[in-house]
Every structure is written in structure tokens, then in C-alpha cells.
Amino acid sequence: MLQATVESLLNYALLSLGIEKAQYKVDIPPKLELGDYATNAAILAARQLKKNPFELAQIISDKVKELDKEKLFSKIEIAKPGFINFFFNESFIQQSTAEIIAKDHAWGQGTRGKGQGSRILLEFVSANPTGPLHVGHGRWAVVGDCIARILKAAGYKVESEFYVNNIGNQVEKLWASVEAARAGQPTPENGYGGAYIKEVKGDNKEAVLQFILGEQKETLGKLGVRFDRFFNESELHEKGEVKEAVSRLEQRHKTIVEGGAIWFKSMEMGDDKNRVLVREDGNPTYLAADLAYHLDKFSRGYDRLINIWGTDHHGYVKRLKAAVEAMGLPAENLEIIIGQLVTLYRGNEPVRMSKRTGEMVTLQEVIEEIGADATRFFFAASDVNSHLDFDLELAKKQSSENPVYYVQYAHARICSIIKKAEGQGARGKGQEDLSGLTEPAERELMLKLLSFPDVVESAARLRHPHRITEYGKEVATVFHHFYEKCRVLGNPARLALVDASRITLRNVLELLGINAPEAM
RNA sequence: GGGCCCGUAGCUCAGUUGGAUAGAGCAACGGAUUUCUAAUCCGUAGGUCGGAGGUUCGAUUCCUCUCGGGCCCGCCA
């Protein structure tokens, strides 16, 4: 919200000066002396107008001062190449902090998001129902769930969906593997030989599928990940949507028949070869079913579809988008997030995660070993574009010093203070007068808290849950710093600030799906 | 051969459309507790941002080349 405050006044100033607005930036400068927020607007505008950036910065900052009727800023300075540095007035910061308490659960929820109220379907995990979820699935589960929470906070209507490939070769192989194991025979070729195969229950293919899916759901539940919908691939076939998808392409002359199979002419759209839609034997391929799935998703009226896929599917993105476009659907509304895989280690030894080996470490085991909160924080805390080396030994060993506990501890500490204060009859809630909060540590904490909506907005826009974990660590750090310097009990204004910190931390943890304990 | 992603402190990772003296946690070392939770705080040390060019007021960020690592290129899903 602070960022937005600076931006709106700045835009107004640029407008009244007749300067065309460039893609300038408003952010927090590296040093305290350089202001609470700073912008490079003058530098960028100067380049376009071929003017001296330093002089232009002076002109713009004078204009902002003139327009700042409410005295939001105590000081506006210009610096070296042409930065404009803004210093907020104490009263504005204090008032804004008081609003945090009034907003409570709504604090942090965006009001600037561009797609307010637009509908998003977020599909993730979508593991094959052929075995337990592995650690990689855990990453997508957590990232997807956090993105859903963040987008909701930013004002979108989000539904989450898990696509179940409950039909096809892999299901046949699964059943064959189960039957073989029960008969004491070796695993069929390309079958599933994991230890879990012997423990699978169910008298037929469908029952086995449901059993495994049930276990997957249970694991996800332990992680706090719940889906609005589990969508069965079989439904697409039953409803004739697979045929419809293929015929849509045929009608648009995007197919060719060759060798008894129907091909999608994806080469026309930049693919290096054409792709089979319907096999020689008349059975549709995974691609055909997936096209039908996306046709189905689009027909449900979402404004945007987001899929989270592992990097092992990245080559498939272009093809799917090309086909979606070829079906006459708005491919620009299909967004695919490609995440890098997780490499699991036990010490220095990599652990395989394949379902075909018996040595698999399941997501379930990881959650049992290090706990759901730590697992969630760990997966949410890194950019999905980076490989993740997950060392089980390390995760266990460091569990008591995991950053998640650092953030949770700050929350627990706050709750303890508030409890004690309430025991003394003090109240930090309501319309406290915060004008006494002038210490540097208090100011630092208020500014940090007040940047929360900006952080949520940016995390939503970039689909970056790790911005939230970073922010949580920052809030905890600044709070602990404040705690060392400022005694709270007996000071109602500080108690209100502590309550605002509690609300912010709790909302941060809520976005991450992590517990906010009142005691530790 | 073609494509996508990554390379930042001893380790695991942040660094937002290019910004000011590159950050955090863990590990290491030295301090802090008569008072609100020490799962905390303060300090020290630790870096040619893989390498080389280029673009410009300014590059960890963008472009080209290069080295190293991961992943993909099925009538599997």
C-alpha cells in the first residue's frame, strides 16, 4: 500500500507536468538514509525527453511536494543520477499501522490486482494413480496450493484441480503388476515393482485405482493441500470430448491421416514433427485426451488456466498451446508454469524417486519425518525455476532451526506478550493513539508491516510463493529487533504495534498454509 | 544434433519490469539473560555473482559466445 501511495502521487505529478509515464519503479532503497521508498522515474523520463535526469528529478519532486496536500511525506530528496527519495511522515505511518488492526484477516488482501474477481483454474500435482506421491509431487502440491491462496488474497476467484489419468496404458500395467505380485511372480516388463505394490488393496483395476488415489489424497491432506475437484480422464472419453477435440482439429484442417493414424499437423505451428492424435488401432493418445481436457476447461468459462508441470514435460508446452490455438481456443489464456525437479539426498547419496524401484522415499515419509509445516515452508521457499536438492538428513537435523520455526516463534512470542498484557488489563486493540511510536525500531517495524499488500500483489503477479516466505522471515527479524529495543508492557501504542505484527505474521503463515502457534 | 531451466558466501537459497556499498538462514568465531518466550539479539569472518565480450548514466539482472550441471525430444503418460 505504501508503494501504491507513492505511485499515485507520482503519477499525478508526472501527469500535471505533461511527462509521459515510463515503466518506472518504486521500491525500497538499499540504505535507510535514502528514504523509505525511491523511484527511478526521473532517470527514465530524462532519457526519453533527452533532458538532464538530475534537474528533471528536482522538477518532479517539487511537483510532488506541491501536490502532497495531506502531507504524506516529511521529506523528498533527489540523489545522484536522478533518483527521487521519499520519506513518509510519522503520522501517516502510524495511522496506516492502526488500520492493520481494523482490517485484521483482510489485511494484505490486494486492492490493486488487475484481474479483480476474474476466474482462474489452477491445475497441479495431477500425479498418475499408480503409486504413492513422491517428494517432487510434494513440491508442486505446496507451490500450487500457495499460489492458489496468494491469488485468492490478490482478489482472484481460484479453483484448484487435480487431473487423474485413470485410464490408459499405465493403469493396465499397474493392475498387471499387482496381479503378478499377488501371484508371487516377477514384475512384468515396464510394470511397477515398488514395495507398495504388495500392499495395494482392491479386487479389481478400479478398486486398486481408488485405493491408491485415496492414499494420495490422504498424503495431500496431511500437507494441508485440498483440491476443489478431482477430474477423471475417463470422463472426457465418456462425454465424447476426446472425439470432439479431434474433430475440431479436423474441421480446421489441422490433421492428416498417415499410416492409419490421425496426426496433428503441429509442424505447421513450429513443432519439429507432427504428433499422433489417434493411433493406428483407433485409440486416442495422451495428447488427444489432454486437448479434450483443455477444451473442457475452457468451456467451463474460466478467464485463465494455469497448469503447474515438472520440467520433464516442458517439451510438451509448445505442442499443447499450438493445439489449443488450432482448436480455436484462446491459447494466450493458458499459462503453464514449469518447475524444476527435486533431487532427493540422504547425506551425500542421491535417493531415487522412481515408482519402479523399491527404494523410493515417499512424500508421506518426508512429512512424517520433518512435519507438515517445515515441509511446506521448505518447498514454498525456493523458486520453482531452480533445482532443489533436498537432503533428508539435513532437513531432519536442522528441523529445530528451520526458518519456519523462526517465523512461528515470532508469532508465538507476540501472542505471549499480548496474553500477558491482557492479564494486566491492557488492551492494544481498537483505535489507539500511535503517535508515540517514533523510535527507529518502531518505525522500521511499521514500514515492514505496511509493505505486506505490495508483497502479496507481487507474489500473485509473479506466481512466486517464495516472496511470501522471504517476507515472513523479514517481518520476524524486524520484530525480534524491535522486541530487543522496546519494552511493550505498559505501553498501549507499542501493544497495538505488536498486535499489528501478530496479524501480519498470522496472515503470512495463512498464505503459506502453515500453522501460526500461540505458544512454542 | 535441437530445446527448456539452473550456476550468487563452506552448505541451502533470496535478490521483483536493469538501479545506489550484492542479502538471509545454517555452519564457524566472539559477546548479550535481575524485567514482556534465548527456538532470540548484537558483533566478526566469509563473494573475481561460473568465464569472456557487448548494450548504457548504471548489469547478478538484458544480448552473444563459452564452461559446468539438471531435464526433454514415443502411435508412453
Side-chain angles (χ1 to χ4, degrees), chain A residues 23-25 27 29-31 34 38-40 43-44 46-47 53-54 79-83 85 126 128 130 165 167-171 173 190 233 259-263 271-273 275-281 283-287 289-290 310-318 338-341 343 378 381-391 394-395 397-398 400-403 405-406 408-410 412-421 424 454-455 457-459 461-462 464 466-467 469-470 473-474 476-477 479-481 483-491 494-495 498 519-520:
Chain A
Q23 286 299 306
Y24 68 82
K25 213 162 142 177
D27 57 13
K31 288 185 75 176
L34 299 173
T39 183
N40 60 351
I43 303 172
L44 297 185
R47 194 183 325 188
F54 197 74
K80 277 182 280 180
F83 290 108
N85 299 331
S126 299
N128 269 329
T130 51
N165 299 118
I167 199 167
N169 279 334
Q170 79 284 0
V171 177
K173 285 178 194 164
N190 292 324
E233 182 188 344
I262 303 174
W263 302 68
D271 205 346
D272 35 325
K273 57 180 288 193
R275 307 291 169 171
V276 173
L277 292 167
V278 181
R279 299 185 184 96
E280 203 176 351
D281 64 10
N283 285 319
T285 59
Y286 177 80
L287 175 61
D290 211 20
T311 183
D312 49 333
H313 291 85
H314 85 265
Y316 190 70
V317 173
K318 218 168 156 182
I338 292 295
Q340 300 301 310
L341 303 176
T343 312
F378 196 92
S382 61
D383 187 341
V384 292
N385 269 331
S386 296
H387 301 271
L388 193 53
D389 286 334
F390 191 117
D391 184 345
L394 207 63
K397 198 168 68 183
Q398 292 186 343
S400 64
E401 287 162 11
N402 188 303
Y405 298 110
Y406 182 76
Q408 287 182 321
Y409 179 70
R413 202 178 210 187
I414 286 170
C415 290
S416 167
I417 297 168
I418 291 174
K419 200 173 165 191
K420 189 151 282 186
Q424 295 177 358
D454 295 331
V455 172
E457 187 277 329
S458 137
R461 178 167 40 84
L462 299 165
H464 279 180
H466 67 272
R467 301 180 74 82
T469 60
E470 288 294 313
K473 287 193 277 186
E474 287 166 19
T477 297
F479 177 79
H480 287 311
H481 182 73
Y483 177 87
E484 295 295 322
K485 303 256 177 181
C486 304
R487 190 175 169 79
V488 176
L489 291 183
N491 185 325
R494 283 180 179 166
L495 192 55
V498 167
M520 282 175 78

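First the proteins, then the strands, lettered A, B, ... as listed; each starts at 1. Keep in mind that what you see is a predicted model, and the values were worked out from it rather than measured.
Side-chain atoms of A:Arg279 and A:Thr285 form no donor-acceptor pair, as typed in the model, at a separation below 3.5 Å.
Base pairing of B:G7: its partner is B:C67, meeting the Watson-Crick or G-U wobble criterion (both donor-acceptor distances under 3.5 Å). Figure legend. B:U21 is base-paired to no nucleotide; pairs are counted as Watson-Crick or G-U wobble with both atom distances under 3.5 Å. Partner assigned to B:A28 is B:U44, using Watson-Crick or G-U wobble distances below 3.5 angstrom. Nucleotide B:G1: paired with B:C73 (Watson-Crick or G-U wobble, both distances less than 3.5 Å). With a cut-off of 3.5 Å on both Watson-Crick or G-U wobble distances, the partner of B:U56 is given as none. Pairing for B:U34 is absent, judged as Watson-Crick or G-U wobble with the two contacts each under 3.5 Å.
Look at the C1' atom in both B:C57 and B:A45: the space between them is 35 Å, to the nearest Å.
Looking at A:Lys25, its side chain has no donor and acceptor atom pair within 3.5 Å of the base of B:U16. One donor-acceptor pair, N or O on each side, does fall under 3.5 Å between the base of B:U35 and the side chain of A:Arg487. Scanning atom types as modelled, one donor and one acceptor separated by under 3.5 angstrom connect the side chain of A:Asn85 and the base of B:A20.
The two residues A:Arg494 and A:Arg487 make their nearest non-hydrogen contact at NH1-O, 2.8 Å.
Residue contacts shown for A:Ala38 include a base, since a base heavy atom lies under 4.0 Å away. At a threshold of 4.0 angstrom between heavy atoms, the contacts of A:His387 include nucleobase atoms, whether or not backbone atoms are also involved. Nucleic acid contact for A:Lys31: base, since at least one base atom lies under 4.0 Å from a heavy atom of the residue. The residue A:Asp389 sits close only to the backbone: its heavy atoms come under 4.0 Å of sugar-phosphate atoms, none of a base. Within 4.0 Å of A:Leu34, counting heavy atoms only, lies at least one base atom of the nucleic acid. Base engagement by A:Ile43 is indicated by at least one non-hydrogen atom pair under 4.0 Å involving a base atom. Using a 4.0 Å heavy-atom cutoff across all strands shown, A:Ala46 reaches no nucleic acid atom at all. The residue A:Ser416 sits close to a base: some heavy atom pair falls under 4.0 Å. Residue A:Gln23 is in base contact, counting any heavy-atom pair closer than 4.0 Å across all strands shown. Within 4.0 Å (heavy atoms only), A:Ala410 reaches no atom of the nucleic acid at all. Within the nucleic acid shown, A:Asn402 has no heavy atom closer than 4.0 Å to any nucleic acid atom.
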- For nucleotides 72-77 of chain B, just jot down a letter per nucleotide in 5' to 3' order: B, S or -, based on protein non-hydrogen atoms under 4.0 Å. BSSBSB
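The separation between A:Phe378 atom CZ and B:A24 atom P is 20 Å, rounded to whole Å. Residue A:Phe390 contributes atom CZ, which lies 11 Å from atom P of B:C13 at whole-angstrom precision. Summarising the geometry, the separation between CG on A:Leu341 and C1' on B:C6 is reported as 12 Å, rounded to the nearest angstrom.
A salt bridge links A:Lys473 with A:Glu470: the closest approach of a Lys/Arg side-chain nitrogen to an acidic carboxylate oxygen falls below 4.0 angstrom.
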Pairs: protein N or O with nucleotides 58-62 of chain B N or O, under 3.5 Å:
| from | atom 1 | to | atom 2 | distance (Å) |
| --- | --- | --- | --- | --- |
| B:G58 | O6 | A:Arg47 | NH2 | 2.9 |

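Atom-to-atom distance recorded for A:Lys25:NZ and A:Asn40:CG is 7.0 Å, nearest 0.5 angstrom.
Counting heavy atoms from C-beta on, the side chains of A:Thr477 and A:Glu474 never come closer than 4.5 Å. Taking 4.5 Å as the limit, every side-chain heavy atom of A:Lys318 sits out of range of all side-chain heavy atoms of A:Asp271.
Remark: ring of A:Phe83 not stacked against base of B:G19; the cut-offs of centroid gap under 5.5 Å and plane tilt under 30° are not jointly satisfied.
The nucleotide whose nearest atom lies closest to any side-chain atom of A:Tyr405 is, among B:A39, B:C6, B:G70, B:A39. Side chain of A:His480, nearest nucleotide from B:G25, B:C5, B:C41: B:C41. Ranking B:G15, B:A20, B:C36 by closeness to the A:Val488 side chain, first place goes to B:C36.
Toward the 5' end of RNA chain B, the nearer of the two residues A:Lys473 and A:Ile417, judged by each one's closest nucleotide, is A:Lys473.
Contact check, A:Tyr483 against B:C42: no side-chain N or O comes under 4.0 Å of OP1 or OP2.
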